Amino acid sequence: MRGGSIAVVGGSIAGCATALAATRGGAERVTVFERADAELRDRGVGIALQSDRYNELKDAGYVAPEMPWAPLTRRVWSVRDGEAANGRAIGEQPFPFRAYNWGSLWSELRRRVPEDVDYRSGAVVSAVRPDDEGATLRLADGHEEHFDLVIGADGYRSVVREAMFPGVSAEYAGYIGWRGASADIEGLPSDGLDAHNIVFPGGHCMIYRIPDGTGGHRLNWVLYTAPPQTDGLHPDLRTPTSLPPGRLNSELTDHLRTLVAENFPPFWAAKVLGTPAETTFIQPIYDLAVPHYTSGRMALVGDAASVARPHVGAGSVKALQDATALEAAWIAGDSWKDVLERYDSGRGAVGSAMVTLARRMGSTQVENTPDWSAMGQPEFDAWWQDQNSGSDRSSGFGGHSLKVK
Ligand SMILES: Cc1cc2nc3c(=O)[nH]c(=O)nc-3n(C[C@H](O)[C@H](O)[C@H](O)COP(=O)(O)OP(=O)(O)OC[C@H]3O[C@@H](n4cnc5c(N)ncnc54)[C@H](O)[C@@H]3O)c2cc1C
């Protein structure tokens with residue numbers, strides 16, 4: 001299928017990859033509408049890509065070795081054990097992931113967007129009106145534009161999805177991710193090649209080294225737990241949305257800091273508590289599955305299409321895979337209908353499977369945590385396999401293979 005005018009709403013990871021896919025697929029004119037008015041805000045946090053999935057995406061031409069990364073080989077799960085600096089390991093597992101800094105990953109993808117793509121920053125799409133020949137975008141400044149195909153890469157609150165499936169929205173999972181990146185990487189065990197999960201009743205904290213974007217490293221961490229249920233909670237958490245740095249209320253920050261001080265082994269508590277509080281931020285955790293990835297002349301990619309809780313470590317992988325699948329459907333299809341049907345049938349099932357696995361992992365890793373302190377390696381292995389229904393490979397942990405249909 002050649003030609004056509006394409007609008008991509010959202011210019012983050014999924015949006016940049018989709019602009020590349022549309023160009024390679026043969027679109028005549030591609031326009032990206034990105035709400036942020038300059039460079040997308042870089043909070044310096046990490047994204048981990050499973051190595052096999054990375055290799056597939058590299059072969060497909062969406063990621064490349066020159067994107068700065070830090071290798072991870074193993075993940076160690078630990079509990080506090082009195083004053084033992086690193087606590088006690090309850091389980092270890094292979095963890096073949098590549099750790100990225102979100103900002104540099106995005107910059108590299110942005111650089112790959114072909115020059116003839118019209119990437120408009122500060123362009124907010126307020127509504128999408130479909131018709132038989134495509135869809136019209138209404139921008140916040142009142143201006144309207146018609147396209148043959150509109151692709152929603154606009155994240156979990158997608159305006160394109162609202163036009164496709166009114167009322168289908170992301171549901172708050174009941175807990176948050178508190179995130180930060182510390183400049184203090186002194187004394188990391190195993191030269192920083194291990195990822196660490198510090199576990200406690202009601203949640204855990206994943207910690208790993210990422211590139212800092214200037215040739216060095218930072219220590220990325222994200223702590224998952226339910227916020228306290230008090231009347232004094234920040235209003236934004238009662239209607240969940242991201243709380244950027246500097247907007248965390250002191251009640252919530254105090255709660256999280258106390259939790260770390262009481263439950264983390266001293267070495268890891270110092271790393272997390274040493275991160276300047278005003279640079280940390282909150283991301284509420286969501287679930288989202290859609291009935292289809294396409295409707296009429298509209299399609300969804302990345303978080304706009306499905307949001308799996310981050311425990312599966314595959315949101316960015318899925319976003320990039322969605323784009324590669326769109327490119328393949330574009331090349332194989334001979335009409336818009338054909339292209340969109342191919343795309344929907346290829347990606348819909350993957351998105352739902354990831355959401356199901358992520359719910360299961362969130363339930364046992366945060367909402368209904370086991371008695372971690374009673375675990376050793378055999379109990380840990382059984383617990384992990386139970387979440388994965390047998391094996392990491394078939395479950396989709398780290399992402400499903402592009403090669404498996
Ligand atoms: C705590 C946490 C940890 C994670 N860890 C990992 C990990 O280790 N590995 C991994 O693979 N994934 C991870 N993920 C998931 C990953 O971050 C996302 O799946 C991925 O970034 C999705 O990218 P996206 O481009 O689809 O959406 P987004 O990054 O949300 O981008 C949407 C873009 O659309 C723009 N936009 C929105 N609305 C409009 C509008 N109306 N008009 C114009 N523009 C608009 C926004 O400004 C934004 O730039 C994690 C997620 C969380 C919350």
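The shown structure was predicted, so the numbers you read here are calculated from the model rather than taken from an experiment. Every number for a ligand or one of its atoms is a count from 1 in the order of the listing.
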Which of the atoms of ligand 1 are close to [X], meaning less than 4.0 Å from one of its heavy atoms?
| X | result |
| --- | --- |
| A153 | 32 (C), 33 (C), 34 (O) |
| F33 | 43 (C), 44 (N) |
| A123 | 42 (N), 43 (C) |
| A314 | 10 (C), 11 (O) |
| V159 | 41 (N) |
| G302 | 26 (O) |
| V317 | 11 (O) |
| G155 | 27 (O), 30 (O), 32 (C) |

Are any of the heavy atoms in [X] under 4.0 Å away from ligand 1?
| X | result |
| --- | --- |
| C16 | no |
| Y208 | yes |
| P310 | yes |

Test of proximity, [X] against ligand 1: N or O pairs below 3.5 Å:
| X | result |
| --- | --- |
| V301 | no |
| G15 | no |
| D303 | yes |
| G315 | yes |

Electrostatic pair [X]:[Y] at N-O distance under 4.0 angstrom:
| X | Y | value |
| --- | --- | --- |
| D287 | R359 | yes |
| R129 | D131 | no |
| E66 | R112 | yes |

Subject >> side-chain hydrogen bond (donor to acceptor under 3.5 Å, both in side chains) between Q321 and R347, intermediate numbers included >> reply: CA-CA 9 Å; Q321 289 182 336; R347 295 307 293 167; 3.1 Å; yes
Quick test of your reading of the structure: of [options], whose heavy atom lies closest to [atom]?
| atom | options | result |
| --- | --- | --- |
| atom 10 (C) of ligand 1 | S316, S126, A323 | S316 |
| atom 45 (C) of ligand 1 | K318, R35, H311 | R35 |
| atom 47 (O) of ligand 1 | M206, Q283, E34, R179 | E34 |

Original post:
Do R110's NZ or CZ and the ring of Y119 fall within the cation-pi criteria of under 6.0 Å and 45°?
Top reply: yes
Original post:
Under the side-chain hydrogen bond (donor to acceptor under 3.5 Å, both in side chains) criterion, do R179 and Q283 qualify, and how do the steps go?
Top reply: CA-CA 8 Å; R179 304 187 79 171; Q283 281 183 299; 2.7 Å; yes
Original post:
So, do F267 and P189 sit near enough that their side-chain heavy atoms are less than 4.5 Å apart?
Top reply: yes
Subject >> Verdict with reasoning, Y293 to S306, per side-chain hydrogen bond (donor to acceptor under 3.5 Å, both in side chains) >> reply: CA-CA 9 Å; Y293 269 40; S306 68; 3.3 Å; yes
Original post:
Y224 and H311: aromatic ring centres closer than 6.0 Å?
Top reply: yes
Original post:
Name the one of Y208, F264, W178 that satisfies ring pair (Phe, Tyr, Trp, His ring centres under 6.0 Å) with W221?
Top reply: W178
Original post:
How are the rings of W383 and W372 set to each other: parallel, tilted or perpendicular (split at 30° and 60°)?
Top reply: perpendicular
